[in-house]
Amino acid sequence: MGLLGDALELASRCPSLWRTARLRVKLTSDPHVQMRAVERAQSNMGLQRTSPPGDPWQCSAQPGLSHSEASVVAVSREKYRVESRQVDPSSAQPEGDGSFLVVRLGPTSWTRDDGGIYRTTDHDGPFGRFPDPSGWPGLLDPQSLVDGHDVEPIGPSVVAERPTLRIRTRVRQFTFGPGPGVNFVIGSGDESLLDLDAATGLVLRMETFFDGSTMRMYEATDVEIDGAVDEALFTEQPPTGATIEPSMRMAEALESVARDAPFAVLAPTGRRFIGILEASQADRPVVLRVHSMPDFEAMRTPGLFATLHIIQSGEPAGVADPAEWEEIQLADGPGHVWQAPDGGEVHVLVKRHGTYVWLRGLIDREETLAAAQTLEPVTVS
């Protein structure tokens, strides 16, 4: 059959080749490379994103590696439990006191992050069409990691003292219209090296690259197949009284969102907007992300299209720091503006009605300033 046939058969038969699996794994990721991947995908899809000075996302994704270790217990790609913890490679002690927990049982899963925040996901819900953000299902059933990819067999290898078959996968490009194709999954890498366990097809090692740089690495260090598993590991639920949030929310009309926001919600007049209110985290205030309804005619036009995106908060830490931006005086008060020297996305930051408002997404300076000058409080429905 050949190595390619063997690899594809392993990937497709994987779910039937094991009953239970216990793995200890090491994970390494580079947040800076991941951020570059997201920005590239957004730009290719017509969202001409730039990160201005003081961008809180940029500040939190400086070059440097993040390391963690995880314990995985699984019965299938839809029934697993993962406990992971950040580690310092130079120390035997874990970083911090918290751990990250993922428990999936069938169509639903829940997580607890290291800040003690619980989130739930409905895998059959409106976001079920997208890849599981945890990434674990693909490692337990690699068919999704080879579908839509060009697969190149490399040869036999060994991981965690188990024989493996190493393959290289490259993402195929999807074309939405004139111009270059783009990766369908926002922020995905463009190439990966996978080691498939020769007996079960499970992914024992995976290194994902973006533009030649390693974006993330997963490597099993201990593997136990078909051992006894306690079913209670998968039926555990968040503790009684815990605050539980959906991992992803559907955007709502601003009139509805404004009812729950702890600050005045603003929007430019003359446009339709929807928004998602993000709950406060350990070191971040409540933030509202607002999007204008897309212009579908513009999206069908070759070239870039622009959509106004507004981030607002009752605290300055919820938006960008405009210390290095240009100070401007608008008709309704002071503000700041920034645009890269070679053009692209325009950023405007103002404070109105006690709310810090960061407008971005448009590529025309005057259009963005005009939108900022028509901000008005949204009437609560």
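Side-chain atoms are counted along with the backbone in the values below, which use heavy atoms only and exclude waters and symmetry mates. Given the structure is predicted, the values throughout are model-derived calculations rather than measurements.
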Decide yes or no for [X] and [Y]: does some side-chain heavy atom of the first lie under 4.5 Å from some side-chain heavy atom of the second?
X      : Y      : value
Val346 : Leu362 : no
Val229 : Phe234 : yes
Leu308 : Glu367 : no
His67  : Lys26  : no
Trp358 : Pro322 : no

Can [Y] be reached from [X] by stepping across I, L, V, M, F, W or Y side chains whose heavy atoms are under 4.5 Å apart?
X      : Y      : result
Val102 : Val72  : yes
Trp110 : Val75  : no
Val73  : Leu139 : no
Ile328 : Leu375 : yes
Leu140 : Leu233 : no

Any donor and acceptor pair, going by atom type alone, linking the side chain of [X] with main-chain N or O of [Y] inside 3.5 Å?
X      : Y      : value
Glu224 : Arg22  : no
Glu219 : Arg205 : no
Trp325 : Pro53  : yes
Arg352 : Gly333 : yes
Gln339 : Gly344 : yes
Asp190 : Asp211 : yes
Arg360 : Thr50  : yes
Asp226 : Thr20  : yes
Ser313 : Glu315 : yes
Thr355 : Ala264 : yes

Geometric class of the Trp136/Tyr218 ring pair [parallel <30°, tilted 30-60°, perpendicular >60°] |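 Plane angle over 60°, so perpendicular.
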Kindly give the heavy-atom pair with the smallest separation between [X] and [Y], and that separation in Å.
X      : Y      : value
Leu266 : Val378 : C-CG2, 4.2 Å
Leu27  : Ala70  : CD1-CB, 3.7 Å
Ser51  : Trp338 : O-CH2, 4.2 Å
Leu145 : Gly138 : CD1-O, 3.3 Å
Val348 : Ala372 : CG1-CB, 3.9 Å
Pro142 : Ala11  : CG-CA, 3.8 Å

For [Y], is there an ion pair with [X] - N to carboxylate O distance below 4.0 angstrom?
X      : Y      : result
Lys79  : Glu231 : yes
Arg365 : Glu326 : yes
Glu83  : Arg81  : yes

Would you check if there is a donor-acceptor pair between the side chains of Glu207 and Thr214 at a distance under 3.5 Å?
-> yes
Residue from Leu196, Thr164, Leu17, Ile225 passing side-chain contact (heavy atoms from CB on, under 4.5 Å) with Leu202 |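 Going through the options one by one, the only one that passes is Ile225.
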For Arg162, which of Asp195, Asp197, Asp222 qualifies under salt bridge (Lys or Arg N to Asp or Glu O under 4.0 Å)?
-> Asp197
